[in-house]
Amino acid sequence: AAVFRSGMAAISTLIDALMPLSREVGHFIVGREGYRQTRNILDRLKLRGHIELTEIPMDGFGSLQHLIQPNTKAIFFETPSNPFLKIIDVERVAEQVKAARSEALVVVDHTFANPLNQKPLLQGADIVVPSLTKYIGGNNRTAAGAVIGLREVVDQVLALRGQVGN
C-alpha cells in the first residue's frame with residue numbers, strides 16, 4: 001500500500017501513474033456522479049488532450065463492456081458513490097473487463113464504506129483508493145489516503161509520490 005497525506009493526493013498520484021508514458025492517449029471510464037474533485041482532475045487531463053474520458057451513469061456499470069477500448073487504462077468508480085450512495089457491483093465490473101480481454105484496471109474509490117462493510121479487492125477490484133480521513137481516521141482529525149492493490153501499480157504510485165512530494 002501507498003499512504004498519502006490526503007485522499008485526493010492518493011487519487012491524483014494514482015491517475016498520474018495510470019497515464020501512458022508514450023504519446024498514446026489513455027482512455028478512462030468513470031461514473032458521472034462520482035466525487036467532483038476526482039472528476040475535475042480527469043476533466044482537466046481530457047481538456048489538455050492527455051486522456052479520453054467516457055462518462056456513464058452510476059447504473060450503467062452493469063453493461064459497460066461495449067465501452068471498453070484497446071487503450072482503456074481504468075474503470076474508475078466510487079462505491080458507495082458520493083453524494084448519492086449508489087452501489088456498484090464490483091464483481092460484475094471486473095467480469096466485464098475480463099470478458100473484453102482488456103488490461104484495464106478496476107479502480108474503486110472506497111471512501112464511504114469502511115473495510116469491514118465492503119472488500120472491493122476480494123470482489124475483483126485491482127486497486128482500491130480509500131480516503132482514510134473518514135471512517136478510518138474519524139471526524140477529520142487526520143487527513144490521509146491510500147492506494148492499495150496490485151503491487152506493480154502501487155510501486156509506480158510510490159515512485160511518483162517520492163517525485164512530487166505527496
Side-chain angles (χ1 to χ4, degrees), residues 1-4 6-19 26-39 41-42 51-138 142 144-158 160-161:
V3 179
F4 291 82
S6 71
M8 284 312 301
I11 287 172
S12 64
T13 306
L14 172 63
I15 290 169
D16 189 12
L18 296 178
M19 299 286 294
H27 175 243
F28 289 74
I29 299 172
V30 297
R32 193 171 288 137
E33 296 93 11
Y35 185 56
R36 186 73 221 150
Q37 297 307 323
T38 300
R39 289 287 313 289
I41 292 169
L42 293 168
I51 66 169
E52 296 170 352
L53 191 59
T54 299
E55 302 172 24
I56 60 175
M58 297 308 266
D59 60 2
F61 282 92
S63 59
L64 63 79
Q65 184 175 341
H66 70 284
L67 300 172
I68 298 172
Q69 302 171 14
N71 65 330
T72 301
K73 300 300 177 194
I75 318 297
F76 198 114
F77 58 94
E78 187 175 17
T79 184
S81 70
N82 175 10
F84 301 110
L85 301 178
K86 293 185 179 180
I87 305 297
I88 306 299
D89 184 342
V90 178
E91 192 171 340
R92 176 76 181 116
V93 173
E95 288 169 356
Q96 292 178 80
V97 171
K98 190 176 286 184
R101 297 184 178 168
S102 174
E103 294 183 17
L105 298 178
V106 176
V107 179
V108 177
D109 179 333
H110 193 239
T111 295
F112 273 14
N114 69 44
L116 296 175
N117 293 323
Q118 186 183 38
K119 298 177 180 0
L121 290 174
L122 296 178
Q123 297 170 319
D126 297 302
I127 296 291
V128 175
V129 186
S131 168
L132 304 177
T133 303
K134 311 242 180 345
Y135 293 110
I136 305 299
T142 301
V147 175
I148 304 165
L150 293 176
R151 179 86 252 160
E152 60 268 19
V153 176
V154 172
D155 286 346
Q156 288 176 299
V157 167
L158 286 167
L160 284 171
R161 183 185 69 180

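Of the inter-residue distances, the one linking Ile127 atom CD1 with Asp109 atom CG reads 13.0 Å to the nearest 0.5 angstrom. We find the CG-CD distance between Leu122 and Glu91 to be 10.5 Å, quoted to the nearest 0.5 Å. Arg32 contributes atom CZ, which lies 9.5 Å from atom CG of Asp59 (distance to the nearest 0.5 angstrom). Interatomic distance, Phe28 CZ to Met19 CE, rounded to the nearest 0.5 Å: 6.0 Å. From Leu160, atom CG reaches atom CD of Gln156 across 7.5 Å, with rounding to the nearest 0.5 Å. Taking CD1 of Ile29 as the reference point, atom CG of Leu42 lies at 12.0 Å (rounded to 0.5 Å).
Put simply, the side chain of Ile68 reaches to within 4.5 Å of the side chain of Ile75, judged on heavy atoms. At least one side-chain heavy atom of Val108 sits under 4.5 Å from a side-chain heavy atom of Val90. The closest side-chain heavy-atom distance from Ile41 to Met8 is below 4.5 Å. Put simply, the side chain of Phe4 does not reach to within 4.5 Å of the side chain of Ile11, judged on heavy atoms.
Partner Leu14 forms a side chain to side chain contact (heavy atoms under 4.5 Å, CB included) with one of Val157, Thr38, Val154, Leu105 and no other, that one being Val157.
Counting all heavy atoms, side chain and backbone alike, Gly145 lies closest to Ala10 at C-CB, 4.0 Å. The nearest pair of heavy atoms linking Leu18 to Lys73 is O-CG, 3.7 Å. When all heavy atoms of Gly31 and Arg39 are compared, the closest pair comes out as O-CD, 3.9 Å. Closest approach of Gly124 and Ala94 over heavy atoms only: O-CB, 3.5 Å. Nearest heavy atom pair, residue Phe76 against residue Phe61, reads O-CZ, 4.3 Å. Taking every heavy atom of both residues into account, Ala104 and Asp126 meet most closely at O-OD2, 4.0 Å.
Without hydrogens or angle criteria, Glu78 side chain to Tyr35 main chain gives a donor-acceptor distance under 3.5 Å. Of the possible polar contacts, one joining the Thr79 side chain to the Ile88 backbone as a donor-acceptor pair under 3.5 Å is found. No donor-acceptor pair closer than 3.5 Å links the side chain of Arg161 to the backbone N or O of Ala9. For Gln96 (side chain) and Gln65 (main-chain N/O), a donor-acceptor pair under 3.5 Å exists by modelled atom type.
Shown here is Arg36, whose CZ atom has more than 12 heavy atoms of other residues, nucleotides or ligands within 6.0 Å. For Glu95, the CD atom is densely surrounded, since the number of other residues' heavy atoms within 6.0 Å is greater than 12. The number of heavy-atom neighbours closer than 6.0 Å to NZ of Lys98, taken from other residues, nucleotides and ligands shown, is 12 or below.
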